[in-house]
Amino acid sequence: MCYAKNMETLAQKAKRHPQKVLSMYVNTDPANRDQTGGEWKIHVKNGLKNFETYLKNDPDELEQFLKVKEKVKLFLEDNGQSMKKSCVVFASADDIWFAECLQMPVTTEFHWEDEPKLQQFQTLYEKFPESGVILVQRNQVKVIDAVLGKINDTKLYEMDLDTEKWKVQASPQRALSIKGKGGKGSKKETIENRLEANQKRWYKSLAPDLDKLAKDKEWKSIHLVGNKDEAKLIESYMQKQVQRTEGKNLFEQEERKVLEEVIL
């Protein structure tokens, strides 16, 4: 999903139809001292109830709002137990619907107006757009695709030393060990020598795949993380611009922690 296009489409829809739009930002962050008991649910209940009271003398608009309220209620029931740090909803009675649980907090606010109030969401998106985090470790390269602090996908590229071709494992649970026939002692030393001797050629062969992934995922930002020499080597072969290179060993870290360290 490209959120920039999504927001543009949403704004255009709002201009074409006469119905009001609910814009709802709810901070659900359990780390917030005001949210320890799930108080966000009370904020939502009160926020929506205020609109009902305000619209009681306008039956047509009240009917529209109640339809929106029902859709919001169903969304919260389906996602309430897995709520992250915030919830953002833009909805009308007919064809406008956007609802996301995000990994960063927002300022709680409710609006019922002619157009969606996108500013807070757009500010978050500008800060945390579609991004790729490329983790480099010898013959392994892990790629995390993320937006707004949310992990969309993870791929692990690994050089098979027998075939000298990169193999891809989608959504890997753990980093894999070095592949290739061998074992201990001299065999291990031989593998290390091959890694050192062929690393440039292997990284050069992988770079076009990383460029294609960046294009397909519409990354606005690319981060390279790992041994600085290895990261810089991959960067030199890529056509896409890398915004940031960090000399950190995060390859074995859980993906969520990598994002917290590199992006959030």
Side-chain angles (χ1 to χ4, degrees), residues 1-3 84-85 102-104 125 127-182 188 191-264:
M1 176 190 296
C2 179
Y3 285 93
K84 298 170 185 177
K85 292 189 177 182
L102 305 179
Q103 287 283 5
M104 60 276 300
Y125 176 71
K127 193 173 181 181
F128 308 105
E130 287 86 2
S131 302
V133 179
I134 302 173
L135 300 155
V136 186
Q137 181 172 281
R138 303 304 297 259
N139 69 318
Q140 298 174 320
V141 175
K142 186 189 294 183
V143 181
I144 302 173
D145 172 45
V147 60
L148 289 166
K150 175 184 176 181
I151 298 171
N152 293 325
D153 189 25
T154 303
K155 293 183 183 297
L156 179 63
Y157 293 84
E158 185 177 46
M159 174 56 66
D160 187 309
L161 300 184
D162 293 332
T163 64
E164 293 204 354
K165 291 183 179 180
W166 290 97
K167 292 188 175 181
V168 185
Q169 179 183 358
S171 301
Q173 296 301 312
R174 297 176 59 87
L176 304 177
S177 58
I178 292 176
K179 295 292 184 185
K181 297 176 182 177
K188 182 177 180 180
I191 290 174
E192 292 296 328
N193 290 337
R194 286 184 65 194
L195 283 171
E196 185 174 346
N198 295 287
Q199 203 166 50
K200 290 183 179 181
R201 179 166 55 85
W202 292 343
Y203 284 175
K204 186 175 183 179
S205 70
L206 180 62
D209 290 343
L210 298 178
D211 283 328
K212 184 177 186 304
L213 194 60
K215 180 181 179 181
D216 292 345
K217 299 293 186 180
E218 300 186 56
W219 289 341
K220 310 294 189 301
S221 180
I222 299 176
H223 305 257
L224 268 168
V225 184
N227 175 280
K228 274 203 169 182
D229 291 337
E230 294 177 353
K232 286 291 186 182
L233 190 57
I234 283 187
E235 181 180 3
S236 70
Y237 293 129
M238 290 181 64
Q239 298 297 314
K240 292 289 186 179
Q241 182 179 357
V242 174
Q243 278 65 38
R244 190 174 174 187
T245 301
E246 295 192 53
K248 295 181 179 180
N249 183 13
L250 302 177
F251 198 89
E252 301 291 344
Q253 292 290 324
E254 192 267 334
E255 284 83 356
R256 180 73 218 154
K257 293 188 178 297
V258 173
L259 289 191
E260 291 174 357
E261 183 78 16
V262 176
I263 294 180
L264 302 181

Should the pair Tyr203 and Trp166 be assigned to parallel (<30°), tilted (30 to 60°) or perpendicular (>60°) ring geometry? parallel

When you look at NZ of Lys220, are more than 12 heavy atoms from neighbouring residues, nucleotides or ligands closer to it than 6.0 Å? yes

Flag the pair Lys217 and Glu130 as a salt bridge only when some basic side-chain nitrogen lies within less than 4.0 angstrom of an acidic carboxylate oxygen. no

Donor-acceptor contact present, side-chain Asn198 to main-chain Arg201, <3.5 Å: no

Using a strict threshold of under 4.0 Å (side-chain N to carboxylate O), is an ion pair present between Lys212 and Asp216? yes

Strictly distance-based, threshold 3.5 Å: is any side-chain N or O of Arg256 a donor or acceptor partner for the main-chain N or O of Gly149? yes

Check Glu254 with Lys257, please: is the shortest side-chain N to carboxylate O separation under 4.0 Å? no

Ion pair present between Lys167 and Asp160, side-chain N to carboxylate O less than 4.0 angstrom? yes

Ion pair Glu246/Lys248, N-O distance below 4.0 Å: yes

Under 3.5 Å: donor-acceptor pair, side chain of Ser236, backbone of Ile234: no

Examine the side chains of Glu261 and Gln253 and answer whether a donor and an acceptor come within less than 3.5 Å of each other. no

Surrounding CD of Gln239 (heavy atoms of other residues, nucleotides or ligands, distance under 6.0 Å), is the total greater than 12? no

Could you go through Gln169 and Glu158, starting from their C-alpha distance and side-chain angles, then the distance that decides it, and tell me whether this counts as side-chain hydrogen bond (donor to acceptor under 3.5 Å, both in side chains)? CA-CA 8 Å; Gln169 179 183 358; Glu158 185 177 46; over 6 Å; no

Do Lys142 and Phe251 meet the cation-pi criteria used here (NZ or CZ under 6.0 Å from the six-membered ring centre, within 45° of the axis)? yes

